[in-house]
Amino acid sequence: MIVFITGASAGFGAEMARTFVGHGHQVVISGRRQDRLDALAAELGELALPLVMDVTDKASINEALSLLPQSWRQVDVLINNAGLALGTQPAHEAPLADWETMIATNCTGLVTMTRALLPAMVARGSGLIINLGSVAGAYPYPGGNVYGATKAFVDQFTLNLRADLVGTGVRATNLAPGLCGGTEFSNVRFKGDDAAAAKVYEGTVPLTAKDIAQTAYWIATLPPHINVNSIEMMPTCQGFGPFAIKRV
Ligand code: NDP
Ligand code: 8X3
């Protein structure tokens, strides 16, 4: 298989690259940080191809895709993993610029990549798109505002892809994890505040990037007649909050 992973310079994406390459597949590892991609490519060898791109920038995507060598162009699996949360402020205090960045990355970037690679999959009659959603797309929490909304978009976009792709042989999955540690996600969310990021995982046994990578690999290696529409995963220590009721 040829697997194209966005956001492979860290976290889930890097671990998914290790998993797919470990099973002998070719993996395009993309992201903005060339040094991180080069280091991962050096670790993984010639089955990994680093490709610098910013999913929020259409020109950057088009240029990167035009650089793909011929033998790497028939992408079987696109994993739209690049994404981020910024901040946990309430809606009336959150910076609009943070909201715009989340929408540009988690929604616009994801649909741009999908639109770029999907037609060739449909023409070949096979392919798979795995979109990284989140439990935040299904359940609201204070401060989740636009991040959760972008992940709800990912969930519904994936289902609507399924509606369009029935009969084409192309599959689509929303992979929606809950609390997952050991990645840069919380450092990004708290803008480099390591203490705030570490606090998120205090006293927990969170999911790991390896758990997510193994799940993505399982989805991608199921027989072609099986489409996993959506998978929601949480660590056992995570559950649901009660409704908030303001009493006077
Ligand atoms: P990380 O922050 O560790 O990794 C995010 C990756 O996305 C990095 O490789 C980063 O690379 C890339 N990225 C960010 N912005 C862009 C951009 N504009 N263009 C290209 N690449 C970009 O996060 P995780 O691995 O934890 O998360 C991966 C995905 O999973 C995200 O979509 C996240 O929302 C989702 N998720 C995470 C959970 C968690 O608890 N960790 C739980 C549920 C879902 P670079 O900076 O080099 O561009
Ligand atoms: C990441 C999970 O709970 O931090 O998508 O929103 S959460």
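Order of listing sets the numbers, starting from 1, for every ligand and every atom in it. From a predicted model like this one, the values you see are computed outputs, not experimental measurements.
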* Asked: At under 4.0 Å between heavy atoms, which part of Lys151 makes contact with ligand 2: side chain, backbone, both or neither?
  ->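 For Lys151, no heavy atom sits under 4.0 Å from ligand 2.
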
From [X] [atom1] over to [Y] [atom2], what is the distance, rounded to the nearest 0.5 angstrom?
X: Cys107; Y: Lys151; atom1: SG; atom2: NZ; value: 8.0 Å
X: Ser230; Y: Asn174; atom1: OG; atom2: CG; value: 4.0 Å
X: Thr168; Y: Arg124; atom1: OG1; atom2: CZ; value: 11.5 Å

* To do: Please lay out, stage by stage, how Asn81 and Thr6 fare under the test side-chain hydrogen bond (donor to acceptor under 3.5 Å, both in side chains).
  => CA-CA 5 Å; Asn81 164 75; Thr6 67; 5.4 Å; no

Distance from [atom] to nearest protein heavy atom, with residue and atom:
atom: atom 6 (O) of ligand 2; result: Tyr141 OH, 2.6 Å
atom: atom 5 (C) of ligand 1; result: Gly83 O, 3.8 Å
atom: atom 26 (O) of ligand 1; result: Thr183 OG1, 2.7 Å
atom: atom 19 (N) of ligand 1; result: Val55 N, 2.9 Å
atom: atom 22 (C) of ligand 1; result: Ala82 CB, 3.7 Å
atom: atom 3 (O) of ligand 1; result: Glu184 N, 2.9 Å
atom: atom 43 (C) of ligand 1; result: Pro177 O, 3.2 Å
atom: atom 4 (O) of ligand 2; result: Arg189 NH1, 3.6 Å
atom: atom 11 (O) of ligand 1; result: Ser9 OG, 2.8 Å
atom: atom 4 (O) of ligand 1; result: Ala10 CB, 4.0 Å

State whether the shortest distance between N or O atoms of [X] and N or O atoms of ligand 1 falls below 3.5 angstrom.
X: Arg32; value: yes
X: Asn81; value: yes
X: Cys180; value: yes

Contact atoms of ligand 1, heavy-atom distance to [X] under 4.0 Å:
X: Asp54; result: 17 (C), 18 (N), 19 (N)
X: Arg33; result: 11 (O), 45 (P), 46 (O), 47 (O)
X: Met53; result: 19 (N), 20 (C)
X: Gly11; result: 3 (O), 25 (O)
X: Thr56; result: 18 (N)

* Asked: So does Glu93 have more than 12 non-hydrogen atoms from other groups sitting under 6.0 Å from CD?
  -> yes

* **Neighbour count above 12 (heavy atom, 6.0 Å) for Gln34 CD** => no

* Say whether, by atom type as modelled, one donor and one acceptor occur between the side chain of Asp38 and the main chain of Arg33 under 3.5 angstrom. => no

* List the steps, then state whether side-chain hydrogen bond (donor to acceptor under 3.5 Å, both in side chains) holds for Thr101 with Asp98. => CA-CA 5 Å; Thr101 301; Asp98 285 356; 5.4 Å; no

Please verify whether a non-hydrogen atom of [X] lies at under 4.0 Å from ligand 1.
X: Gly133; result: yes
X: Gly109; result: no
X: Thr6; result: no
X: Glu15; result: no

* Checking side-chain contact (heavy atoms from CB on, under 4.5 Å) against Val28, which of Ile79, Leu78, Leu68 comes through? ->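 Between Val28 and the candidates, side-chain contact (heavy atoms from CB on, under 4.5 Å) is satisfied uniquely by Leu68.
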
* Asked: Between the candidates Ala85, Gly7, Gly178, Ser30, which shows the shortest non-hydrogen contact distance to atom 42 (C) of ligand 1?
  ->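 Ranked by closest heavy atom to atom 42 (C) of ligand 1, first place is Gly178.
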
* To do: Only heavy atoms count here, so choose which of Phe12, Tyr147, Tyr201 is nearest to atom 33 (C) of ligand 1.
  => Tyr147

* To do: Go through ligand 2 atom by atom and flag the ones less than 4.0 Å from a non-hydrogen atom of Ala136.
  => 6 (O)

* Any idea which atoms of ligand 2 are less than 4.0 Å away from a heavy-atom of Ser134? -> 1 (C), 2 (C), 5 (O)

* Strictly under 6.0 Å, is that where the ring centroids of Tyr141 and Tyr147 end up? -> no

* To do: Determine whether the side chains of Ser60 and Asp54 contain a donor N or O and an acceptor N or O closer than 3.5 Å.
  => no

* Just by distance, with hydrogens left out, do Asn131 and Thr173 show a side-chain donor and acceptor under 3.5 Å apart? -> no

* Can you tell which of Thr108, Asn145, Asn106 makes a side-chain hydrogen bond (donor to acceptor under 3.5 Å, both in side chains) with Thr150? -> Asn106

* Asked: Among the clusters formed by ILVMFWY side chains lying less than 4.5 Å apart, do Val77 and Phe157 turn up in the same one?
  -> no

* Asked: Can you tell if the side chain of Phe20 reaches within under 4.5 Å of the side chain of Gln26, non-hydrogen atoms only?
  ->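 Not touching, per the 4.5 Å side-chain cut-off.
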
* To do: Indicate yes or no: does an N/O atom of Tyr147 lie under 3.5 Å from an N/O atom of ligand 2?
  =>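 Yes - when backbone and side-chain N and O of Tyr147 are compared with those of ligand 2, one distance drops under 3.5 Å.
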
* **Heavy-atom closest contact (Pro50 atom, Leu37 atom, distance)** => CB-CB, 3.9 Å

